[in-house]
Amino acid sequence: MPYGLYISAEGAQVQSQRLEHLANNLANLETPGFKRDLPTFQARYAEAIQRGQAAPGDGSENDLGGGVKLMEVKTDFSHSTLRHTKMPTDFAVNGDGFFRVLGDDGEELLTRAGNFSVNSVGRLVTQMGLSVLDDGGSAIDLDPRQPWEVQAGGRIVQGDQATPLGLARPESLEELVKVGSNLFRPTGDTAQVPENERDIRQGYLEQSGVNSTREMMSLIETSRAFEANTKLIQHQDSMLGNLISRVLATS
């Protein structure tokens, strides 16, 4: 089997994986607080070098490019613009930190999406119905019959009771793993954001971190690269077929 056929097939597979992430980014163009995926790639050595059977730079037939491979998928945590919604249950973090929410399995998760709502029993919940937590890790319950507001530092004040919204940040953003539904699971320790460093805006939502123009340009680029690799596969397959036909004709 021609070596180039494997290289082209691997190139097509990598571009297909990139297309999936770009399509997911575009699908979340209007999702509040969404952070886009950034797949990273790297050229790989030939198989013999990867197995330690040859050394890079030895000038042999093994000292050839081994195509490209997907290294990892990173998350772009760049801050996005805030949109004024005038909805009292919409919140946006203007700066560092993530809202703390309670997952279905009792695990604490983090999110930048502050499009919350108050359910039928007066509990502040996410769009998926997960409880929003306060600084102490307890669910936030409100009396729907009484007015409430958010004051400086993210404190929800209703009557004579003030409940600080739970706002946490990991030691490193690299320790956050996407778990779906715009949620992150911290793999390391997290710390509360001090009240004097908080800037939580009521009636605002953080926009998606996806730029439609940038993503569409990447999508076109990736589609063309995928098409080029598939055409190379077809050409090499045709060449191999012609070679086999000639060999059979002369035998």
Side-chain angles (χ1 to χ4, degrees), residues 24-37 75-104 108-169 173 176 178-184 192-216:
N24 182 64
N25 288 343
L26 284 170
N28 288 279
L29 183 62
E30 300 295 331
T31 303
F34 179 80
K35 302 302 177 184
R36 69 188 184 112
D37 292 327
T75 302
D76 182 5
F77 286 102
S78 301
H79 292 170
S80 306
T81 57
L82 305 184
R83 176 170 60 91
H84 193 194
T85 65
K86 300 181 182 179
M87 291 288 293
T89 53
D90 284 344
F91 301 94
V93 180
N94 186 33
D96 295 333
F98 294 78
F99 296 111
R100 300 168 58 189
V101 300
L102 188 65
D104 288 328
E108 185 173 307
L109 303 172
L110 303 177
T111 184
R112 290 281 294 192
N115 51 334
F116 304 142
S117 62
V118 178
N119 65 15
S120 59
V121 296
R123 177 161 295 179
L124 191 65
V125 296
T126 68
Q127 292 296 304
M128 299 298 294
L130 303 179
S131 298
V132 181
L133 305 179
D134 61 16
D135 266 351
S138 300
I140 299 175
D141 293 319
L142 300 169
D143 186 347
R145 298 168 298 179
Q146 298 183 22
W148 56 275
E149 63 176 351
V150 177
Q151 295 184 354
R155 289 179 292 114
I156 300 178
V157 178
Q158 185 175 55
D160 57 356
Q161 186 175 13
T163 305
L165 271 165
L167 201 66
R169 60 187 172 199
L173 293 175
L176 294 180
K178 282 188 174 182
V179 294
S181 302
N182 223 358
L183 298 168
F184 297 90
Q192 291 288 345
V193 178
E195 188 171 333
N196 60 349
E197 297 180 18
R198 299 183 181 196
D199 185 5
I200 298 178
R201 307 286 180 89
Q202 184 181 16
Y204 287 82
L205 281 180
E206 180 178 2
Q207 298 288 80
S208 171
V210 179
N211 181 290
S212 58
T213 303
R214 177 181 57 199
E215 297 298 317
M216 283 301 300

Ignoring hydrogens and geometry, is there a side-chain-to-backbone donor-acceptor pair from N182 to P32 under 3.5 Å? yes
Keeping D37 on the side-chain end and N25 on the backbone end, is there a donor-acceptor pair under 3.5 Å? no
Under the criterion side-chain contact (heavy atoms from CB on, under 4.5 Å), which of I156, T126, T111 is the partner of V132? T126
Quick check: does any side chain N or O of K178 sit under 3.5 Å from a backbone N or O of K35, one acting as donor and the other as acceptor? yes
Could I get the full list of ring pair (Phe, Tyr, Trp, His ring centres under 6.0 Å) partners for H84, not counting sequence neighbours? Y204
Please answer whether the main-chain N or O of S117 pairs with a side-chain N or O of R123 as donor and acceptor at a distance below 3.5 Å. no
Min side-chain heavy-atom separation I200-Q202 under 4.5 Å: no
Side chain to side chain, F98 and L173, heavy atoms closer than 4.5 Å: yes
L29 and V210: which non-hydrogen atoms are nearest, and at how many Å? CD1-O, 3.4 Å
Has E108 got a side-chain atom pairing as donor or acceptor with G137's backbone, closer than 3.5 angstrom? no
Test your reading of the model: is there a side-chain donor-acceptor pair from N28 to the backbone of N24, 3.5 Å cut-off? yes
So do L183 and L130 actually touch side chain to side chain, heavy atoms under 4.5 Å? yes
Heavy-atom closest pair (R112 atom, D96 atom, distance to 0.1 Å) is NH1-C, 4.0 Å
Would a distance-only check, ignoring hydrogens and angles, find a side-chain to backbone donor-acceptor pair under 3.5 Å from T75 to F77? no
Counting C-beta onward and ignoring hydrogens, is there a side-chain heavy-atom pair between S208 and E30 closer than 4.5 Å? no
Taking atom CG as the centre, does N196 end up with more than 12 heavy-atom neighbours from other residues, nucleotides or ligands that are less than 6.0 angstrom away? yes
Any side-chain heavy-atom pair of R201 and E206 under 4.5 Å: no
Do any N or O atoms from the side chain of N211 and from the backbone of R214 form a donor-acceptor pair under 3.5 angstrom? yes
How long is the straight-line distance from CZ of R83 back to CG of D90, given to the nearest 0.5 Å? 7.5 Å
List the atom pairs, donor and acceptor, that lie under 3.5 Å between side-chain atoms in residues 158-169 and the rest of the protein, sequence neighbours left out.
residue: Q158; atom: OE1; partner: D143; partner atom: N; Å: 3.0
residue: Q158; atom: NE2; partner: D143; partner atom: O; Å: 2.8
residue: Q158; atom: NE2; partner: Q146; partner atom: O; Å: 2.9
residue: R169; atom: NH1; partner: E197; partner atom: OE1; Å: 3.3
residue: R169; atom: NH2; partner: E197; partner atom: OE1; Å: 2.9

For the residue pair V193 and V93, establish whether any side-chain heavy-atom pair is separated by less than 4.5 Å. no
With sequence neighbours left out, which residue pairs that include part of residues 116-154 fulfil the ring-ring contact (aromatic ring centres under 6.0 Å, His included) condition? F91-F116, F99-F116
Closest contact, heavy atoms only, G122 versus P144: CA-CD, 4.4 Å
I'd like to check R100 versus L110 (side-chain heavy atoms, cut-off strictly below 4.5 Å). Are they in contact? yes
Gap between atom CG of L124 and atom OG of S131 - 0.5 Å precision: 9.0 Å
